[in-house]
Amino acid sequence: MSEGAFKRYMITSALPYANGPKHIGHLAGAYIPADVYVRYLRLSGKDVVFVCGSDEHGTAIPNQALKENTTSQAIVDKYDAQIRKCFVKMGMSFDIYHRTTEPIHHQTSQEIFLTLYNKGLLTEETSEQYYDDEAKTFLADRYIKGTCPKCGHPSAYGDQCEKCGTSLSSKDLINPKSTLTGNSPVLKLTKHWYLPLESYEPWLKEWILKSHQHDWKTNVYGQCKSWIDAGLQPRAMTRDLDWGIKVPLPDAEGKVLYVWFDAPIGYISATRALFDEVTSGHYRFSTPQRDFTGSKKDDWKTYWQDKETKLVHFIGKDNIVFHCIIFPVILHATGEYIVPDNVPANEFMNLEGDKMSTSRGWSIEMHEYLEDFPDKPDVLRYALLTNLPEAKDSEFTWKDFQAKNNNELVAIFGNFVNRAFVLTQKFFDNKVPALGDLQEVDKKALADLKLFPARISESIETYRFREATSGLMDLARLGNKYLAETEPWKLAKTDLPRVGTILNIALQIAANLSVMAEPFLPFSASKLKTMLNVGSTQWHHAGTGDLLAVSHSLGESALLFEKIEDEVIEVQIKKLFDTKKKMELASQPAAPAKQEVSFDEFSKMDIRIGKILKAERVEKSKKLLKLQVDTGIDTRTVMSGIAEHFAPEDIIGKQVTILVNLAPRKIMGVESQGMILMASDKDGSLKLLSPGAETAPGSVIS
RNA sequence: GGCGCGGUAGCUCAGGUGGUUAGAGCGUUGGAUUCAUAACCCAAAGGUCGGGGGUUCAACUCCCCCCCGCGCUACCA
């Protein structure tokens, strides 16, 4: 459908899962592009509602609560607050940021579930599933490990063996264990309600494969086609869990709606909550970005049920099936709702050569960035926008971030604006000078300027945000080039009116930048408007050379962007590696157990407390220290490979554990008579084993 | 394993339906300039478009095979 066919826009960004902090990859995937799109639509005078909210159900929430030793509610409260705050600081212009734990969402989800149920569109099925008695919960396949029946790999997951690649069902596993408690789970009967996706295949084929073949992105279309061609299966819409939305049926005790059933409905609930709040005046979650005066409580329906509404979901590629197949089928099946016009899913953004992962400590989390760069949300927006993973996975590096800031935002955009301001202050008392006769170069600049709004619009409307962003920067380039060609600073002494004409045009370009930058760099655009002493201007006014009237007084000038020094970037890179190392230490499993030994074998070892009397480096050796140790029995020489971990002077006088009856051995020409015992930490560092309190040398360890 | 998306200059990436000398930004080198946050402006160098076959007057683009990365399948944007 063409743009003109729609009366209003309903825009959603993927609901972030409130089980942990979100990182810049999430911003690049579903948030910044959506915000640019929405800000552009608003500037263009379109009727648009933009919603998001925290996704707070699902099994991972109680699991995270277990990990942090708290309640599920506390987990979602914590991360909802954190994510919410970060989005505000990043300039995300949601009309509402809601929560799926809110009653209105429970109500909406249950209503939709019941609509499907009452229409007879859900099927009931009873099956056996593994149950963990101690955790009192049914176990998803991912939470069961056991021996692979094919290759014998001892820790295959319930859904697939990672060693041989066979896809499994948890019931195939030999000796299954719950990953939550380590217990052997038991099989229990349980009833669930399924959505028979396969019966919507004809409709999906018509809707996606035929009507959206050319306007959906290839990655999205291909993924959908793959699902549809493979043949769809019934999918359970309920789960056995005590955290979530109760299944609204009499015989459904202890069952909740599947999180992927309720989460997308969160978009609808959020819209409902928005209109509740703007009509009642009680603002809890909404931050309306436009005037909703005259709206009615029921207006949310227009945005979700009227065919003239254009619905667009911004998501990451991992969510494609839910937003393109399952949720649309739910919406379609109700017979009441519209389905998305487009789902411009992005691929993933990598970081410094590796996948982003919060659990592996390899990410830049929103709150961390904002703590370190509190006044630079636009710089991150820009760095992400110019490198969005629109067609394939992309790569974020700190050096690139610095270069984008220093070479583009500062050197091209900020610098152009500054040049125009400084010259105007110098020669025209900070007032917009009059426009005289136009020369070829002026006409050319104005003609070029005129092309920008349409060019950038075109990119945004076809979801090419990277291209749109570079279009904006090209406008600043145009400004710089214009100044370089006209060289007003040379003419000041001979032809001031001519200088006025040039600066008038330069300032008009700056004013255009303040309008067209708004979707991309909202904070800087607003700062620039203050500098120009102008209010907001609609998109369709841009492209002209009369945004500023002659003699209009400019406001106080300031630098729009500032350089980021090398040291600042080095700190960030170091921080990244430090965090990664910390997480590795915390998550690395211990080495597997060694073979069993008998007590007799163990008691052959003569392990004692000793005291280091002397320690010196061994020449020509990097690793060895030559130690004199008081073993209680005697004083003996021990060669120990610890020179990379301890300085000799630091360990003199330390009590250690020593194996005294190890066969002597010549090392670097010196006979070593025993072995100092060490703990080798996960990062490879060594730790001395000392008694908890001063102990007499020679004390036997058993 | 099956399926999907990618593999294009030193780096990060564009190249909708095959059509003149394959593009941008950054980086590099050279020039010009000094109003400006040592910034801007101009120019050049730099690519057997992952590898191999095929279709065609013509292939980065279409088809087949192989290699590599990522994703989905299997609740992280």
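In what follows, chains carry the letters A, B, and so on, assigned in the order in which the sequence lines appear, proteins first and then strands, with residues in each chain numbered from 1.
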Review point. When the C1' atoms of B:rG4 and B:rA74 are considered, how many whole Å apart are they?
Key: 15 Å

Revision key, fill the gap. Side-chain contact check for A:Lys426: nearest option of B:rC26, B:rA36, B:rA77 is B:rA36

Practice item. Please check the phosphate of B:rC76 (OP1 and OP2 only) for any side-chain N or O of A:Ser363 closer than 4.0 Å. Key: no

Point to revise | B:rC60 to B:rU21 separation - C1' atoms, rounded to the nearest Å | key: 16 Å

Check your understanding: Roughly how many Å is it from CG in A:Leu478 to C1' in B:rC41, rounded to a whole number?
Key -> 13 Å

Exercise for review: May I ask you to say what A:Ser470 touches in the nucleic acid, namely base, sugar-phosphate or nothing, with a heavy-atom cut-off under 4.0 Å?
Suggested key: nothing

**Study point:** Any-strand Watson-Crick or G-U partner of B:rG25, both distances under 3.5 Å
**Key:** B:rC11

Practice item. Using a 4.0 Å heavy-atom cut-off across all strands, classify A:Met473 as base, sugar-phosphate, or nothing. Key: nothing

Check your understanding: Say you pick atom C1' in B:rC35 and the same atom in B:rU29; how far apart are they, in whole Å?
Key -> 27 Å

Point to revise | A:Lys355 to A:Trp362 - nearest heavy-atom pair and separation | key: O-CD1, 3.1 Å

**Study point:** Sugar-phosphate, base or nothing in reach of A:Val422, heavy atoms under 4.0 Å
**Key:** sugar-phosphate

Exercise for review: Consider the side chain of A:Asn415, meaning its heavy atoms from C-beta on, and name the nucleotide among B:rU37, B:rA39, B:rA77 that approaches it most closely.
Suggested key: B:rA39

Study note, to complete from the structure: Side-chain contact check for A:Asp318: nearest option of B:rA77, B:rC75, B:rG6 is B:rA77

Review point. Base, sugar-phosphate, or nothing: which does A:Lys404 touch, judged by heavy atoms less than 4.0 Å apart?
Key: nothing

Check your understanding: Among the nucleotides B:rC76, B:rG6, B:rC3, which one has an atom lying closest to any side-chain atom of A:Lys392?
Key -> B:rG6

Exercise for review: With the side chain of A:Ile315 defined as its heavy atoms from C-beta on, choose the nearest nucleotide among B:rU12, B:rA36, B:rA77.
Suggested key: B:rA77

Review point. Quantified in whole Å, what is the C1' atom distance between nucleotide B:rG71 and nucleotide B:rA77?
Key: 13 Å

Review point. Of the nucleotides B:rC13, B:rC72, B:rC35, which has the atom closest to the A:Gln223 side chain?
Key: B:rC72

Review point. Using a distance-only test with no angle check, is there a side-chain donor-acceptor pair under 3.5 angstrom linking A:Thr238 and A:Lys255?
Key: no

Study note, to complete from the structure: Using Watson-Crick geometry (N1-N3 plus N6-O4 or O6-N4) or G-U wobble (N1-O2, O6-N3), each under 3.5 Å, B:rG1 is paired with B:rU73

Practice item. Could you state the atom-to-atom distance from NZ of A:Lys481 to C1' of B:rA43 in whole Å? Key: 12 Å

Check your understanding: Across all strands, who's sitting opposite B:rU48 as a Watson-Crick or G-U wobble pair, both distances under 3.5 Å?
Key -> none

Review point. So does A:Lys22 get a side-chain nitrogen or oxygen closer than 4.0 Å to the phosphate oxygens (OP1/OP2) of B:rA77?
Key: no

Check your understanding: Base, sugar-phosphate, or nothing for A:Leu27, non-hydrogen atoms under 4.0 angstrom?
Key -> nothing

Check your understanding: In whole Å, what separates the C1' atom of B:rC49 from that of B:rA24?
Key -> 16 Å

Exercise for review: Report which part of the nucleic acid A:Asp400 touches: base, sugar-phosphate, or nothing (heavy-atom distance under 4.0 Å, all strands).
Suggested key: nothing

Point to revise | Contact list for residues 82-91 of chain A, test salt bridge (Lys or Arg N to Asp or Glu O under 4.0 Å), sequence neighbours left out | key: A:Asp80-A:Arg84

Check your understanding: Looking across every strand, which nucleic acid part, if any, lies under 4.0 Å from A:Asn346 by heavy atom: base, sugar-phosphate, or nothing?
Key -> nothing

Point to revise | Matching residue for A:Tyr37 among A:Tyr31, A:Tyr463, A:Phe50 - test: ring-ring contact (aromatic ring centres under 6.0 Å, His included) | key: A:Tyr463

Check your understanding: What integer distance in Å separates A:Arg419:CZ from B:rA36:P?
Key -> 10 Å

Study note, to complete from the structure: In Watson-Crick or G-U wobble terms, with both distances under 3.5 Å, the base opposite B:rC41 is B:rG31

Review point. For A:Thr397, which contact category applies under a 4.0 Å heavy-atom criterion: base, sugar-phosphate, or nothing?
Key: nothing

Practice item. Using the C1' atoms only, state how far B:rG18 lies from B:rU34, rounded to an integer number of Å. Key: 49 Å

**Study point:** N/O (side chain, A:Asn350) to phosphate O (OP1/OP2, B:rC70) under 4.0 Å
**Key:** no

Check your understanding: What nucleotide among B:rC5, B:rU12, B:rC75 has an atom nearest to a side-chain atom of A:Arg235?
Key -> B:rC75

Exercise for review: Pick base, sugar-phosphate or nothing for A:Leu423, based on heavy-atom distances below 4.0 Å to the nucleic acid.
Suggested key: base

Check your understanding: Is it true that A:Lys376 and A:Glu562 have a side-chain N and a carboxylate O under 4.0 angstrom from each other?
Key -> yes

Exercise for review: Check whether NZ of the Lys or CZ of the Arg A:Lys317 lies under 6.0 Å from the centre of the six-membered ring of A:Phe348 and within 45 degrees of that ring's axis.
Suggested key: yes

Study note, to complete from the structure: Quick note, A:Lys563 side chain, CB onward, closest among B:rA39, B:rC41, B:rA77 is B:rA39

Show every donor-acceptor pair shorter than 3.5 Å between a side-chain atom in residues 499-506 of chain A and any protein atom, with sequence neighbours excluded, or say none if there are none.
| unit_1 | atom_1 | unit_2 | atom_2 | d |
| --- | --- | --- | --- | --- |
| A:Thr501 | OG1 | A:Gly436 | N | 2.7 |
| A:Thr501 | OG1 | A:Pro497 | O | 3.2 |
| A:Asn504 | OD1 | A:Gln508 | NE2 | 3.2 |
| A:Asn504 | ND2 | A:Pro433 | O | 2.8 |

Check your understanding: Under 3.5 Å, is there a donor-acceptor pair between the A:Ser54 and A:Tyr97 side chains?
Key -> yes

Review point. Does a donor on one side chain sit under 3.5 Å from an acceptor on the other, for A:Gln402 and A:Asp566?
Key: yes

**Study point:** Side chain of A:Ala411 - closest among B:rG7, B:rG71, B:rA39
**Key:** B:rA39

Practice item. Evaluate whether the aromatic ring of A:Tyr31 and the six-membered ring of the B:rA77 base sit under 5.5 Å apart, centre to centre, with an inclination under 30°. Key: no

Review point. What's the closest nucleotide to the A:Asn319 side chain, out of B:rU8, B:rA77, B:rG25?
Key: B:rA77

**Study point:** Most 5' of A:Ala403 and A:Phe396 on RNA chain B, judged by nearest nucleotide
**Key:** A:Phe396

Review point. With sugar-phosphate meaning primed atoms plus P, OP1 and OP2, does A:Gly25 contact a base, only sugar-phosphate, or nothing at under 4.0 Å between heavy atoms?
Key: base

Check your understanding: Under 4.0 Å: is that the gap between some side-chain N or O of A:Lys490 and OP1 or OP2 of B:rU33?
Key -> no

Study note, to complete from the structure: Per nearest nucleotide of RNA chain B, the residue lying toward the 5' end, A:Glu467 or A:Glu562, is A:Glu467

Check your understanding: Is the distance from OP1 or OP2 of B:rG6 to the nearest side-chain N or O of A:Lys317 less than 4.0 Å?
Key -> no

Check your understanding: If you look at every strand shown and take non-hydrogen atoms under 4.0 Å, does A:Arg466 touch a base, only sugar-phosphate, or nothing?
Key -> sugar-phosphate

Study note, to complete from the structure: Value for CD (A:Gln425) from CG (A:Leu554), rounded to nearest 0.5 Å, stands at 8.0 Å

Practice item. Find the distance A:Ile320:CD1 to B:rC70:P and express it as a whole number of Å. Key: 18 Å

Check your understanding: Looking for any heavy atom pair under 4.0 Å, which part of the strands does A:Ala28 touch: base, sugar-phosphate only, or nothing?
Key -> nothing

Exercise for review: For A:Lys355, report the nucleic acid contact type (base, sugar-phosphate, nothing); a contact means any heavy atom under 4.0 Å.
Suggested key: sugar-phosphate

Exercise for review: Could you give the distance separating B:rC65 and B:rU55 at their C1' atoms, to the nearest angstrom?
Suggested key: 15 Å

Check your understanding: Considering every strand shown, what is the Watson-Crick or G-U wobble mate of B:rG19 when both distances are under 3.5 Å?
Key -> B:rC57

Practice item. Just call it for A:Glu485: base, sugar-phosphate, or nothing, with non-hydrogen atoms closer than 4.0 Å on any strand. Key: nothing

Exercise for review: Taking atom C1' in both B:rG47 and B:rG15, compute the distance separating them and give it to the nearest angstrom.
Suggested key: 14 Å

